[in-house]
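To start, the structure under review is shown below, and the notes come after it.
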2 protein chains.
Amino acid sequence: MKNLNKFNTIPEPTLRRLSYYVVYLQKLLDAGIETVSSTQIANNLMFDPTQVRKDLQLTEISGHPKIGFNIKTTLESIKSSLNWNNIENAFLVGVGNLGNAVLNFSLLKYMGVNIVAAFDNNPEKIGNIVNNVEILDIERLPELSKLMKVNIGIIAVPEHAAQETADKFVAGGIKAIWNLLPCRLKVPDEIIIEEANLMQSLAVLTNQLAK
Amino acid sequence: MKNLNKFNTIPEPTLRRLSYYVVYLQKLLDAGIETVSSTQIANNLMFDPTQVRKDLQLTEISGHPKIGFNIKTTLESIKSSLNWNNIENAFLVGVGNLGNAVLNFSLLKYMGVNIVAAFDNNPEKIGNIVNNVEILDIERLPELSKLMKVNIGIIAVPEHAAQETADKFVAGGIKAIWNLLPCRLKVPDEIIIEEANLMQSLAVLTNQLAK
């Protein structure tokens, strides 16, 4: 079933929109609805209908004229394109406001990301449980990286500790780093880095506001 | 000095990179350094040098052969392109983990965004001060929107309250909404929406990991 070409050919803006489709289609499915049209998806999510049709084509799903898309198979196809039907284990480092927001992020369960442990260096936080995830001493990260099959490392530490955390993840064999801080990280070429920080996004907003 | 064309012609990926340049150049300036080459910027931030030169051209700044870029004027030019040299007042609604992360975001001061008040509906939070910002009763949002000159509304509430918050912002005359939740908002066409949510970013990461 795994089609590597499919993963390669979906552009980033489509991937971002597809994540919304998953949430919407899951809601419809939970409500017992079986089919949906691309126009309905577009109207509900306020996207352009032509755009929605193009996006769905990229996930290799096709609708039936007058009937629309079967929600169950469409959802599976989109999740497969996003790799959300595989469970990937993740470590999170830094249990401050940002780390807590990620640990409590309710949609994470749809995304195939399973945070198996969180780490902090604050003795007051170590041993606490946040949303079923235990907070462990950061010193244990190298040891546990080798023991557990963890592909994703999430960095939510204060900025000055970000590179050090990335180095620990790389040494522990993690394949992808999700960096929530407004700083750039130096990692080997084969490591995937995805940056999700407030600064970048605010730059887009403030520029738009000036127009 | 204000050049409206400049705001229009800078593509989003460039805006995102420019935000990193601001932080780096500010550090150099604080250290008393006066000039920098595009290669230095590229090496430090791990961007492609050609890309950096193109990005800087878009902000209408030019370097001097062998001397490089004057840091002070380059910083001003980039900040002007991002509209970070104008102070924009902002309201934040929802002082949970995400809201606290924004209120404590130390780089906000470089970005010309001044959070003048935060709002919540939890009586235990109302009256508290987070990073010099007072938390007010959400009921006061409409009244205060009209009194204070606020252009940016930041939404960090639980998802089910996001649309309601957006409606309040629109009614209060806010021009741009920064939506930190993984949901789409219905607002009039003239309102700027910038989405910065964990879900979208994770969709890009998990897809990359599958390749």
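Owing to the predicted nature of the structure, the values given are computational and were not obtained by experimental measurement. Just so it is clear: chains get the letters A, B, ... in the order the sequence lines come, proteins before strands, and each one is counted from 1.
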Query raised in the report: Roughly how far apart are B:Leu205 CG and A:Lys175 NZ, rounded to 0.5 Å?
Result: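 Answer for the CG-NZ pair, B:Leu205 versus A:Lys175, is 12.5 Å.
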Kindly say whether [Y] contributes a backbone atom to a donor-acceptor pair with the side chain of [X] at under 3.5 angstrom?
{"X": "A:Asn100", "Y": "B:Asn97", "result": "no"}
{"X": "A:Asn207", "Y": "B:Leu15", "result": "no"}
{"X": "B:Thr206", "Y": "A:Leu82", "result": "yes"}

Contacting region of [X] [heavy-atom separation from chain B under 4.5 Å]:
{"X": "A:Val113", "answer": "side chain"}
{"X": "A:Glu195", "answer": "both"}
{"X": "A:Ile193", "answer": "neither"}
{"X": "A:Val204", "answer": "both"}
{"X": "A:Phe47", "answer": "both"}
{"X": "A:Gln208", "answer": "both"}
{"X": "A:Asn104", "answer": "side chain"}
{"X": "A:Ile154", "answer": "neither"}

Between [options], which has the largest tally of heavy atom pairs under 4.5 Å with chain B?
{"options": "A:Ala101, A:Gly112, A:Ala196, A:Ser19", "answer": "A:Ser19"}
{"options": "A:Leu202, A:Leu108, A:Ile192", "answer": "A:Leu202"}
{"options": "A:Asn151, A:Leu107, A:Leu180", "answer": "A:Leu107"}

Query raised in the report: So does A:Glu190 have more than 12 non-hydrogen atoms from other groups sitting under 6.0 Å from CD?
Result: yes
**Report entry** Other residues, nucleotides, ligands: >12 heavy atoms within 6.0 Å of A:Lys149 NZ
**Finding:** no
Query raised in the report: Would a 4.5 Å heavy-atom cut-off, applied to side chains only, mark B:Tyr20 and A:Met199 as touching?
Result: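 Yes, their side chains come closer than 4.5 Å.
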Query raised in the report: What pair of heavy atoms forms the shortest contact from B:Leu45 to A:Arg184, and how long is it?
Result: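 Here B:Leu45 and A:Arg184 meet closest at O-NE, 2.6 Å.
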**Report entry** Residue pair B:Leu198 / A:Phe105: nearest heavy atoms and the distance that separates them
**Finding:**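 Looking at all heavy atoms of both residues, the shortest contact is CB-CE2, 3.9 Å.
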